[in-house]
Amino acid sequence: MASAGKTMSGSSFFPGTWGLGLIGPVSEDDEQDLIDTIQTVGGGVADPELVQTFVHGIPQAIKWLEQDLGVELQRPQSAESAQQKQFIPCFDHKTRMWRGLTRKPLEDALTTRIESLGIRLLPRHELIDLVEDTDGKIVGATLYDRTNERLVPMAVKATIIAAGGTGGLFERSLTSADVLSSSQAIALAHGASLTNIEFMQMMPGFIEPKRNLVFNEKTWRYVKFDQPVDNADDKLDDLLEQRSGYGPFTSRLDSRAIDLAIDQAGAEGLALHYDFPREDVPEFVQTFATWLQDEHGIAPTDEMRVAMYAHAANGGIKIDMTAYTGVEGLYACGEATGGMHGADRIGGLSSANGIVFGRIAGASAALAAQKEPETA
Ligand SMILES: Cc1cc2nc3c(=O)[nH]c(=O)nc-3n(C[C@H](O)[C@H](O)[C@H](O)COP(=O)(O)OP(=O)(O)OC[C@H]3O[C@@H](n4cnc5c(N)ncnc54)[C@H](O)[C@@H]3O)c2cc1C
């Protein structure tokens with residue numbers, strides 16, 4: 001298992017956040033609603049078969065994480081709190097089953113499983129290219145050992161690309177530096193296709209006084225702009241209220257005007273500051289303001305500048321329900337792939353995607369490898 005960064009890296013282990021939200025259907029009865037909602041939020045360009053496999057696979061994948069791997073997942077504090085508005089996933093219309101995936105329990109459980117299976121790890125080894133035989137089947141990989149600065153050729157019986165999304169292609173990006181975003185092009189060059197690749201999550205983030213900080217979307221309603229916002233001035237409060245409901249840009253809602261204004265402000269970012277309420281301050285505002293002040297030395301009244309950052313990819317390498325790319329010997333999963341989300345993605349479904357299709361890709365590739373003759 002080769003990875004450009006350390007073994008547990010990429011967005012899945014991004015240190016700048018508490019962990020990852022993971023959502024799924026509340027019950028079997030909720031599956032169809034989640035499937036339909038993915039199609040709506042996805043603008044009708046998600047692959048129906050993939051969506052079906054995806055949603056149906058989430059409860060089993062969570063069970064596997066908890067029961068087989070022993071990963072302790074976070075849950076809402078009570079059945080009542082699970083119904084609270086704050087647990088409605090981004091772009092969704094109702095609460096779902098919610099779990100929190102934090103780095104340490106995941107890393108510990110995966111390390112134990114990797115050791116017990118005797119998997120050979122190649123950290124800091126970057127996939128440079130794949131090798132085809134004369135029939136176009138993938139039979140090898142060329143890795144670059146970033147520590148020793150040398151090329152490492154490998155013969156392979158089956159290959160899985162799980163190298164993350166396309167955020168690394170952008171100058172301003174809220175992903176880990178080791179999300180190189182090269183694997184989609186490598187797969188494409190060897191006969192795979194890409195789907196929904198134009199759909200990315202673009203996320204407002206701070207560039208001043210500090211860069212690479214995600215803008216907390218729930219705080220949009222307390223923002224005062226320090227410069228005019230085109231096409232939005234007369235209904236700004238309503239647009240800010242709507243924009244407080246989700247993180248990444250969407251073109252589906254009127255509050256896109258806010259994101260377009262940020263984009264128009266260019267590389268210097270849009271100037272704004274907060275005007276938080278003085279009484280009955282909601283808990284999350286308090287927590288956020290304290291974090292901003294204590295961790296980053298930023299006071300709410302300071303002038304801040306916000307710009308758009310590339311965040312997570314919604315499209316990528318096209319796969320089928322078995323995570324097969326259509327190129328013999330080549331499988332793919334996780335944020336490197338597309339088709340299970342469509343244009344916009346419901347929050348908490350990217351982590352779920354990695355786990356559901358990661359397991360499927362592993363099983364499919366193992367089966368394919370077993371059918372291959374032993375090489376000398
Ligand atoms: C700040 C932040 C918050 C997020 N919050 C959520 C959330 O709450 N819920 C949710 O569902 N999603 C969330 N996401 C998205 C989610 O984290 C990712 O979509 C998901 O973790 C991707 O998992 P992955 O295994 O496909 O890829 P990654 O975890 O990105 O892993 C990619 C791996 O591939 C390696 N790699 C890259 N290129 C190469 C190469 N050429 N050769 C070899 N190795 C390579 C990298 O080193 C890395 O190990 C968030 C993302 C970020 C950045």
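Both ligands and their constituent atoms are indexed starting at 1 by order of listing. Start at 1 with the first residue, then count along the sequence. The figures that follow rest on heavy atoms only: side chains count, while hydrogens, waters and symmetry mates do not.
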Quiz item: cation-pi between R252 and F91, 6.0 Å / 45°: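 R252 over F91 ring: yes.
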Ring geometry between H341 and F54 (parallel below 30°, tilted from 30 to 60°, perpendicular above 60°):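 If you compare the ring of F54 with that of H341, the planes turn out perpendicular.
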Sidechain N-carboxylate O distance under 4.0 Å for R345, E335: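 Salt bridge between R345 and E335, a charged N being under 4.0 Å from a carboxylate O: no.
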Contacts of F225 that satisfy ring pair (Phe, Tyr, Trp, His ring centres under 6.0 Å) - sequence neighbours left out: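 For F225, no residue satisfies ring pair (Phe, Tyr, Trp, His ring centres under 6.0 Å) once neighbours in sequence are set aside.
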Counterpart residues, ring pair (Phe, Tyr, Trp, His ring centres under 6.0 Å), relative to F276 (two or more places apart):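 Only Y222, Y274 meet the ring pair (Phe, Tyr, Trp, His ring centres under 6.0 Å) criterion with F276.
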Once you restrict both partners to nitrogen or oxygen, which atoms of ligand 1 have a protein partner under 3.5 Å, and how far apart are they?
residue  : atom   : partner : partner atom : Å
ligand 1 : 8 (O)  : G21     : N            : 2.9
ligand 1 : 9 (N)  : G21     : O            : 2.9
ligand 1 : 11 (O) : G21     : O            : 3.4
ligand 1 : 11 (O) : S350    : N            : 3.0
ligand 1 : 11 (O) : S351    : N            : 2.8
ligand 1 : 11 (O) : S351    : OG           : 3.0
ligand 1 : 19 (O) : E335    : OE1          : 2.5
ligand 1 : 19 (O) : S350    : OG           : 2.6
ligand 1 : 21 (O) : S12     : N            : 3.3
ligand 1 : 21 (O) : S12     : OG           : 2.8
ligand 1 : 23 (O) : S12     : OG           : 3.0
ligand 1 : 26 (O) : E335    : N            : 2.8
ligand 1 : 29 (O) : S11     : N            : 3.3
ligand 1 : 29 (O) : S12     : N            : 2.9
ligand 1 : 29 (O) : S12     : OG           : 2.5
ligand 1 : 30 (O) : S11     : N            : 2.9
ligand 1 : 41 (N) : L127    : O            : 3.4
ligand 1 : 41 (N) : S182    : OG           : 3.2
ligand 1 : 42 (N) : L127    : N            : 2.7
ligand 1 : 44 (N) : A4      : N            : 2.9
ligand 1 : 47 (O) : A4      : N            : 3.4
ligand 1 : 47 (O) : G5      : N            : 2.9
ligand 1 : 47 (O) : S9      : OG           : 3.4
ligand 1 : 47 (O) : D178    : OD2          : 2.5
ligand 1 : 49 (O) : S9      : OG           : 2.7

Which residues share a side chain to side chain donor-acceptor pair (under 3.5 Å) with D320, sequence neighbours left out: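 Checked D320 against side chain to side chain donor-acceptor pair (under 3.5 Å); matches are T322.
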